[in-house]
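Reading through the structure tokens given below for one structure.
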Amino acid sequence: QVQLVESGGGLVQPGGSLKLSCEVAGLTLRYYSIAWFRQAPGKEREGVSCTSSSDDSTRYADSVKGRFTISRDNAKSTVYLQMNSLKPEDTAVYYCATDRVVRTICSLNTRGMNLWGKGTPVTVSS
């Protein structure tokens, strides 16, 4: 069964860290780009970070640059999002997704993503 499964969310204090995981099943991860998105209550889903299949290039939203790091372990078929220096405005449900397209530059646009995980909630609060 082709699916993405996120884990690692939780409650953390401002300034803290969390590491999210996106396990990819039914696809050969090394061929595809994977992106992380988030959706806060009452807001649109937004792209956070992505990693491409070729040369492992990465992209970040301006709001998370310098704080979040995306990585991938193709052998474990898993993509990670290390989140440091968390802020209350990072509170959201975090999703991983893919458009199942082999591309050089990964996309942070929700359009075209055709496989989504169910999400993992992150709450940053004291």
Side-chain angles (χ1 to χ4, degrees):
Q1 183 178 1
V2 179
Q3 61 178 354
L4 306 179
V5 180
E6 305 93 337
S7 62
L11 173 65
V12 63
Q13 292 185 342
S17 298
L18 281 175
K19 187 173 185 178
L20 306 184
S21 298
C22 173
E23 186 173 350
V24 179
L27 293 175
T28 304
L29 176 60
R30 68 177 182 269
Y31 294 143
Y32 300 106
S33 300
I34 300 291
W36 284 97
F37 296 85
R38 66 186 181 186
Q39 188 165 19
K43 294 188 177 181
E44 292 187 355
R45 193 168 297 189
E46 63 175 355
V48 174
S49 181
C50 63
T51 169
S52 71
S53 55
S54 63
D55 80 358
D56 204 19
S57 65
T58 59
R59 296 178 63 192
Y60 296 92
D62 288 343
S63 58
V64 306
K65 280 181 182 176
R67 300 189 298 122
F68 290 11
T69 302
I70 192 170
S71 61
R72 61 197 291 156
D73 186 334
N74 290 333
K76 294 184 178 180
S77 201
T78 302
V79 175
Y80 304 98
L81 185 68
Q82 177 68 48
M83 306 187 296
N84 299 329
S85 303
L86 283 162
K87 304 175 182 180
E89 51 264 43
D90 295 317
T91 295
V93 178
Y94 284 71
Y95 302 87
C96 57
T98 181
D99 56 8
R100 289 184 271 191
V101 172
V102 177
R103 56 174 69 251
T104 303
I105 300 175
C106 58
S107 172
L108 286 176
N109 196 326
T110 57
R111 295 180 182 179
M113 298 296 163
N114 52 40
L115 181 64
W116 292 84
K118 293 182 179 180
T120 184
V122 172
T123 302
V124 184
S125 175
S126 55

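The nearest pair of heavy atoms linking Ser33 to Arg103 is OG-CG, 3.2 Å. The heavy-atom pair separating Ala92 from Ala40 by the smallest distance is CB-N, 3.8 Å. For the pair Pro14 and Ser126, the tightest heavy-atom approach, listed with the atom from each and the gap, is CD-N, 3.7 Å. Scanning all heavy atoms of the two residues, the minimum distance from Ala61 to Leu108 falls at N-CD1, 4.2 Å. When all heavy atoms of Gln39 and Tyr95 are compared, the pair lying nearest together is CB-CE1, 4.2 Å. Across Cys22 and Leu4, no two heavy atoms sit closer than the pair SG-CB, 4.1 Å.
Checked by atom type and distance alone, the side chain of Ser53 pairs as donor or acceptor with a backbone atom of Tyr31 at under 3.5 Å. At distances below 3.5 Å, at least one donor-acceptor pair connects side-chain atoms of Asn114 with backbone N or O atoms of Asp99. Looking only at distances, a side-chain donor or acceptor of Arg72 sits under 3.5 Å from a matching main-chain atom of Leu29. Checked by atom type and distance alone, the side chain of Arg30 never pairs as donor or acceptor with a backbone atom of Asn74 at under 3.5 Å. Between the side chain of Ser77 and the main chain of Val24, a donor-acceptor pair closer than 3.5 Å is present. Of the possible donor and acceptor atoms, one in the side chain of Ser57 sits under 3.5 Å from a partner among the backbone N and O of Thr104. Using a distance-only test at 3.5 Å, with no hydrogens or angles considered, a donor-acceptor pair links the side chain of Arg59 to the main chain of Cys106.
Taken to the nearest 0.5 Å, the CZ atom of Phe37 stands 10.0 Å off from the SG atom of Cys96. With rounding to the nearest 0.5 Å, the separation of OG in Ser17 from CG in Leu86 is 6.0 Å. Considering CG of Asp73 and CD of Glu23, their distance stands at 11.0 Å, rounded to 0.5 Å.
A donor atom on one side chain and an acceptor atom on the other are not found under 3.5 Å apart for Thr78 and Ser21.
No path of Ile, Leu, Val, Met, Phe, Trp and Tyr side chains, each step under 4.5 Å between heavy atoms, connects Leu27 with Trp116, placing them in separate hydrophobic clusters. Residue Val2 is grouped with residue Ile34 when hydrophobic side chains (ILVMFWY) are merged at heavy-atom distances under 4.5 angstrom, including chains of intermediate members.
Other residues, nucleotides and ligands contribute only 12 or fewer heavy atoms inside 6.0 Å of the CD atom of Glu44.
Taking 4.0 Å as the cut-off between side-chain N and carboxylate O, Lys87 and Asp90 do not count as a salt-bridged pair. The pair Glu6-Lys118 does not count as a salt bridge, with every side-chain nitrogen at least 4.0 angstrom from each carboxylate oxygen.
Proximity of Tyr60 to Ile70: side-chain heavy atoms (C-beta onward) are separated by under 4.5 Å at one or more points.
For Trp36 and Phe68, the ring centers are positioned 6.0 Å apart or more.
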request  = Determine, stepwise, if the pair Arg38 / Leu81 fulfils side-chain contact (heavy atoms from CB on, under 4.5 Å).
outcome  = CA-CA 12 Å; Arg38 66 186 181 186; Leu81 185 68; over 6 Å; no
query = Which is it for Ser7 and Thr120 under the side-chain contact (heavy atoms from CB on, under 4.5 Å) test, yes or no, and what are the steps along the way?
reply = CA-CA 6 Å; Ser7 62; Thr120 184; 5.6 Å; no
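Residues passing the side chain to side chain contact (heavy atoms under 4.5 Å, CB included) test with Val122, sequence neighbours excluded: Leu18, Leu20, Met83, Tyr94, Val124.
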